[in-house]
Amino acid sequence: EASRKAFETKVAANKKRDELRLKKEAAKNEAAKEAERAKAEEERKAQHARDEAVRRKEEERLQKETAEAENHAKAEKAKAEAHRKKIEDDLKKEEAKAEASRKAFEAKVAAGRKKEEERLKKEAAAAEHSRKAEAANSEDSELKYVQKVDMAVVGTRVELFGLEGDSTSMNGQHGTVEKIAGGGRIVTVLL
């Protein structure tokens with residue numbers, strides 16, 4: 001009986017010892033699992049922080065690139081605007097220059113025309129004066145290059161002939177006797 005009791009006591013002690021050992025192992029395993037979970041959580045947080053830092057850095061880079069692109073676009077736009085304005089100013093200058101040149105040319109042409117008109121008036125006046133003087137001087141001489149007509153009177157129609165030099169173009173033209181001298185001699189013919 002004593003031996004049986006001793007054996008049972010020993011078995012109970014072994015059982016209790018095994019239970020304690022199992023509990024310790026279970027607690028140890030649970031602690032290891034908890035530590036693993038904590039480590040995994042820390043790693044997740046660290047990775048999240050790294051990802052967030054990379055995202056922020058990329059975002060800053062994109063913002064910087066966007067700002068640079070906008071500044072470049074503004075600079076190019078300002079440059080193009082300045083170039084366009086310069087072209088417009090150059091065109092205005094050229095137009096003003098051309099207009100001034102045109103006006104100067106027109107003024108020159110008008111002055112030349114006026115001068116020519118004055119010259120022609122002077123020549124016409126001189127020619128008229130010369131013609132009148134010649135007519136007055138040759139009042140008694142017969143006009144030689146006129147078709148002979150019997151009994152010429154003022155108003156008679158006659159034809160010119162035999163003229164030479166600058167007066168050749170008047171040959172064949174008809175005119176009216178304007179002035180006669182004594183004996184019916186023709187002195188002046190009005191063409």
Side-chain angles (χ1 to χ4, degrees), residues 1-131 165-170 172-173 191:
E1 181 65 21
S3 179
R4 183 183 64 76
K5 284 183 181 180
F7 177 74
E8 285 178 357
T9 301
K10 188 178 180 181
V11 168
N14 285 340
K15 184 178 179 183
K16 193 174 182 181
R17 189 177 63 245
D18 288 342
E19 285 176 356
L20 286 172
R21 185 178 58 78
L22 288 172
K23 281 182 182 179
K24 284 180 180 177
E25 285 181 2
K28 188 179 178 182
N29 288 338
E30 187 62 30
K33 285 179 182 178
E34 186 63 29
E36 193 68 29
R37 280 194 297 271
K39 186 179 179 183
E41 181 64 17
E42 286 178 5
E43 181 63 28
R44 186 190 67 75
K45 286 180 180 178
Q47 185 62 43
H48 178 72
R50 285 194 296 271
D51 292 345
E52 188 64 18
V54 169
R55 186 191 65 74
R56 278 197 305 269
K57 191 174 181 181
E58 183 66 15
E59 198 173 75
E60 288 171 0
R61 185 185 67 78
L62 288 173
Q63 286 176 352
K64 188 178 178 182
E65 285 182 0
T66 303
E68 286 175 355
E70 286 177 357
N71 290 336
H72 180 70
K74 285 178 183 176
E76 285 296 317
K77 187 177 179 182
K79 189 177 177 183
E81 183 65 19
H83 184 64
R84 184 190 63 75
K85 193 171 185 304
K86 185 179 183 300
I87 289 173
E88 283 183 357
D89 291 344
D90 289 345
L91 284 174
K92 284 178 183 175
K93 285 178 184 175
E94 286 296 322
E95 286 173 1
K97 190 176 177 182
E99 182 66 14
S101 178
R102 183 186 65 78
K103 285 182 179 176
F105 177 74
E106 286 178 355
K108 188 176 179 182
V109 168
R113 189 183 297 120
K114 189 174 180 184
K115 191 175 179 182
E116 182 67 13
E117 286 174 356
E118 288 173 357
R119 186 184 66 78
L120 289 173
K121 281 179 184 176
K122 284 179 182 177
E123 286 183 1
E128 180 66 16
H129 181 71
S130 177
R131 185 188 67 76
D166 293 339
S167 302
T168 305
S169 61
M170 290 193 291
Q173 289 190 24
L191 297 178

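Basis for what follows: all heavy atoms, side chains included, without hydrogens, waters or symmetry-related copies.
Applying the side chain to side chain donor-acceptor pair (under 3.5 Å) test to K86 and every residue at least two apart in sequence or in another chain returns D90. Applying the side-chain contact (heavy atoms from CB on, under 4.5 Å) rule to L22 yields the partners E25; only residues at least two apart in sequence or on another chain are considered. A search for side-chain contact (heavy atoms from CB on, under 4.5 Å) contacts involving L120 returns E116, E123, not counting sequence neighbours. Among residues two or more places apart in sequence or in another chain, the side-chain contact (heavy atoms from CB on, under 4.5 Å) test is passed with D51 by Q47. For E81, the side-chain contact (heavy atoms from CB on, under 4.5 Å) partners are R84, not counting sequence neighbours.
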Could you walk me through whether E118 and K121 pass the side chain to side chain contact (heavy atoms under 4.5 Å, CB included) check?
-> CA-CA 5 Å; E118 288 173 357; K121 281 179 184 176; 5.6 Å; no
Are R102 and E106 close enough, and set up right, to give a side chain to side chain contact (heavy atoms under 4.5 Å, CB included), and what steps lead you there?
-> CA-CA 6 Å; R102 183 186 65 78; E106 286 178 355; 2.4 Å; yes
Please step through side chain to side chain contact (heavy atoms under 4.5 Å, CB included) for the pair R113 and E117, ending with a clear verdict.
-> CA-CA 6 Å; R113 189 183 297 120; E117 286 174 356; 3.7 Å; yes
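Note: E70 CD to Q63 CD = 10.5 Å, rounded to the nearest 0.5 Å. With rounding to the nearest 0.5 Å, the separation of NZ in K23 from NZ in K16 is 9.5 Å. To the nearest 0.5 Å, atoms CD (E88) and CG (L91) are separated by 8.0 Å.
Checked for salt-bridge contact, E30 and R37 meet the test: a charged N lies under 4.0 Å from a carboxylate O. E43 and R50 are joined by a salt bridge, as a carboxylate oxygen and a charged side-chain nitrogen come within less than 4.0 angstrom of each other. By the 4.0 Å N-to-carboxylate-O rule, D89 lies too far from K93 to be salt-bridged with it. Between K39 and E42 no salt bridge is recorded (no basic side-chain N to carboxylate O distance below 4.0 Å).
Each salt bridge (Lys or Arg N to Asp or Glu O under 4.0 Å) pair with one or both residues in residues 57-69, not counting sequence neighbours, appears once here: R55-E59, E58-R61, R61-E65.
A donor-acceptor pair under 3.5 Å is absent between the side-chain atoms of S101 and the main chain of K97, judged by distance alone.
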